[in-house]
Trainee: 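I have a structure I would like to understand better, so I am pasting it below and will then ask my questions one at a time.
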Amino acid sequence: QVQLVESGGGLVQAGGSLRLSCAASGRSFSVYAMGWFRQAPGKEREFVGCISRSGGSTDYADSVKGRFTISSDNAKNTVYLQMNSLKPEDTANYYCAAGTFFGIVRIPSAYTYWGQGTQVTVSS
């Protein structure tokens with residue numbers, strides 16, 4: 001069992017940056033692959049990025065590749081999503097999720113634990 005709490009969301013102008021954090025408590029953080037997803041009103045939840053259990057592999061959606069970066073700090077049991085060059089279309093509720101699989105997975109159903117989400121709003 002692991003509990004996930006996101007923070008760092010807010011309102012930012014287009015072109016700006018935000019860093020989201022996802023703090024994990026409970027079972028050892030290093031046994032989980034960690035993913036970030038987002039959901040805008042009226043839309044399905046979509047994959048943003050993922051970091052493998054070892055931290056050695058990452059994957060990003062094409063829409064954020066080159067702008068967003070995932071990193072993890074096992075000592076702090078925290079995973080980060082650095083978001084640069086934000087666009088209005090990045091506006092959504094952002095969720096972190098943990099899964100016990102190996103490698104990289106983009107499918108939400110593969111993740112067992114979810115945070116409550118943090119809102120990111122990008123103004124034009």
Side-chain angles (χ1 to χ4, degrees):
Q1 189 88 10
V2 65
Q3 293 77 42
L4 304 174
V5 179
E6 303 97 333
S7 61
L11 174 64
V12 64
Q13 288 188 332
S17 298
L18 282 175
R19 188 178 78 159
L20 305 184
S21 299
C22 175
S25 61
R27 193 177 176 188
S28 175
F29 179 74
S30 61
V31 304
Y32 296 101
M34 301 297 295
W36 284 96
F37 293 80
R38 66 187 183 186
Q39 189 167 18
K43 295 187 176 181
E44 292 187 353
R45 189 166 298 189
E46 66 171 344
F47 171 79
V48 174
C50 176
I51 186 166
S52 64
R53 294 169 69 159
S54 67
S57 299
T58 54
D59 185 32
Y60 300 94
D62 288 345
S63 58
V64 307
K65 198 170 293 183
R67 301 188 297 122
F68 290 11
T69 303
I70 294 176
S71 61
S72 62
D73 185 337
N74 285 354
K76 295 183 178 180
N77 272 10
T78 300
V79 64
Y80 303 98
L81 180 66
Q82 178 66 45
M83 305 186 295
N84 299 328
S85 302
L86 282 161
K87 305 175 181 180
E89 51 263 43
D90 294 319
T91 295
N93 204 9
Y94 282 71
Y95 299 88
C96 71
T100 56
F101 51 82
F102 289 94
I104 299 291
V105 176
R106 296 185 168 201
I107 303 172
S109 60
Y111 293 78
T112 306
Y113 304 104
W114 291 82
Q116 83 290 346
T118 186
Q119 178 67 35
V120 171
T121 303
V122 184
S123 63
S124 57

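What you see is a predicted model, and the numbers here were worked out from it, not measured in a lab. For this chain, numbers begin at 1 and follow the sequence in order.
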Trainee: With no hydrogens and no angle check, is any side-chain donor or acceptor of R38 less than 3.5 Å from a backbone partner on E46?
Mentor: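 Pair absent, no side-chain N/O of R38 close to backbone of E46.
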
Trainee: Please state whether the rings of F68 and Y94 are parallel, tilted or perpendicular, taking 30° and 60° as the class boundaries.
Mentor: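 Rings of F68 and Y94: tilted, 30 to 60°.
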
Trainee: If you look at every heavy atom in A24 and V2, which pair is closest and at what distance?
Mentor: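 Heavy atoms only, the tightest pair is CB-CG2, 3.8 Å.
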
Trainee: Would T100 and V31 count as a side-chain contact (heavy atoms from CB on, under 4.5 Å) if you check the C-alpha gap in whole Å, the side-chain angles of each, and the deciding distance to 0.1 Å?
Mentor: CA-CA 6 Å; T100 56; V31 304; 5.5 Å; no

Trainee: Assess whether side-chain contact (heavy atoms from CB on, under 4.5 Å) is satisfied between V79 and W36, documenting all intermediate values.
Mentor: CA-CA 9 Å; V79 64; W36 284 96; 4.1 Å; yes

Trainee: Going from CG on L20 to OG1 on T78, what distance comes out if it is rounded to the nearest 0.5 angstrom?
Mentor: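 The distance works out to 12.5 Å.
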
Trainee: What are the two closest non-hydrogen atoms of P88 and S124, and how far apart are they?
Mentor: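 So the two residues come closest at CG-CB, 3.8 Å.
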
Trainee: I'd like to know if the side chain of D59 and the backbone of G49 have a donor-acceptor N/O pair within less than 3.5 Å.
Mentor: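 Looks like no, no N/O pair under 3.5 Å.
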
Trainee: Taking all heavy atoms of V105 and all of A110, pick out the closest pair and write down the distance.
Mentor: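 Distance-wise, the nearest heavy atoms are CG1-CB, 3.5 Å.
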
Trainee: Should C22 and M34 be marked as a side-chain contact (heavy atoms from CB on, under 4.5 Å) after you check the CA-CA gap, both sets of side-chain angles, and the distance that decides it?
Mentor: CA-CA 9 Å; C22 175; M34 301 297 295; 4.1 Å; yes

Trainee: Enter the distance from S57:OG to I70:CD1 here, rounded to the nearest 0.5 Å.
Mentor: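 These two atoms lie 11.5 Å from each other.
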
Trainee: With no hydrogens and no angle check, is any side-chain donor or acceptor of R19 less than 3.5 Å from a backbone partner on Q82?
Mentor: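 Not a single qualifying donor-acceptor pair exists.
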
Trainee: Verify the cluster assignment for V120 and F47: are they in a single hydrophobic cluster under the rule of side-chain heavy atoms below 4.5 Å apart?
Mentor: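 No: no chain of side-chain contacts under 4.5 Å links V120 to F47.
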
Trainee: If every non-hydrogen atom of P108 is compared with every non-hydrogen atom of W114, which pair is closest and at what distance?
Mentor: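 Nearest heavy atoms, P108 then W114: O-CZ2, 3.4 Å.
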
Trainee: Is there a donor-acceptor pair under 3.5 Å between the side chain of T91 and the backbone N or O of V122?
Mentor: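 Yes.
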
Trainee: So, the side chain of E6 versus the backbone of T118: is there a donor-acceptor pair under 3.5 Å, distance only?
Mentor: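 No; judged by distance alone, with no hydrogens or angles, the pair does not exist.
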
Trainee: Anything under 30° is parallel, anything over 60° is perpendicular, the rest tilted; go ahead and classify Y111 against F37.
Mentor: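 The rings of Y111 and F37 stand perpendicular, inter-plane angle above 60°.
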
Trainee: Thinking salt bridges, do K87 and D90 make one under a 4.0 Å N-O criterion?
Mentor: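 The answer is no: the pair does not qualify as a salt bridge.
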
Trainee: Just verifying a value: how many Å separate T58 OG1 and I104 CD1, rounded to the nearest 0.5 Å?
Mentor: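 It comes to 6.5 Å.
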
Trainee: Report the C-alpha distance between Y95 and V48 in whole Å, list the side-chain angles of each, state the deciding distance to 0.1 Å, and finish with yes or no for side-chain contact (heavy atoms from CB on, under 4.5 Å).
Mentor: CA-CA 9 Å; Y95 299 88; V48 174; over 6 Å; no

Trainee: Under a 3.5 Å distance rule, please check whether Q39 uses its side chain to pair with a backbone N or O of A92 as donor and acceptor.
Mentor: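 Not confirmed, Q39 side chain does not pair with A92 backbone.
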
Trainee: Hey, could you give me the CD/CG distance between Q13 and L11, rounded to the nearest 0.5 Å?
Mentor: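 It is 8.0 Å, given to the nearest 0.5 Å.
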
Trainee: Any chance NZ of K76 has more than 12 other-residue heavy atoms, nucleotides or ligands included, within less than 6.0 Å?
Mentor: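 Counting neighbours around NZ of K76, 12 or fewer heavy atoms of other residues, nucleotides or ligands fall under 6.0 Å, so no.
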
Trainee: Do Y80 and Y32 belong to the same hydrophobic cluster, where Ile, Leu, Val, Met, Phe, Trp and Tyr are linked whenever their side-chain heavy atoms lie under 4.5 Å apart, directly or via other members?
Mentor: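 The answer is no; the residues belong to distinct hydrophobic clusters.
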
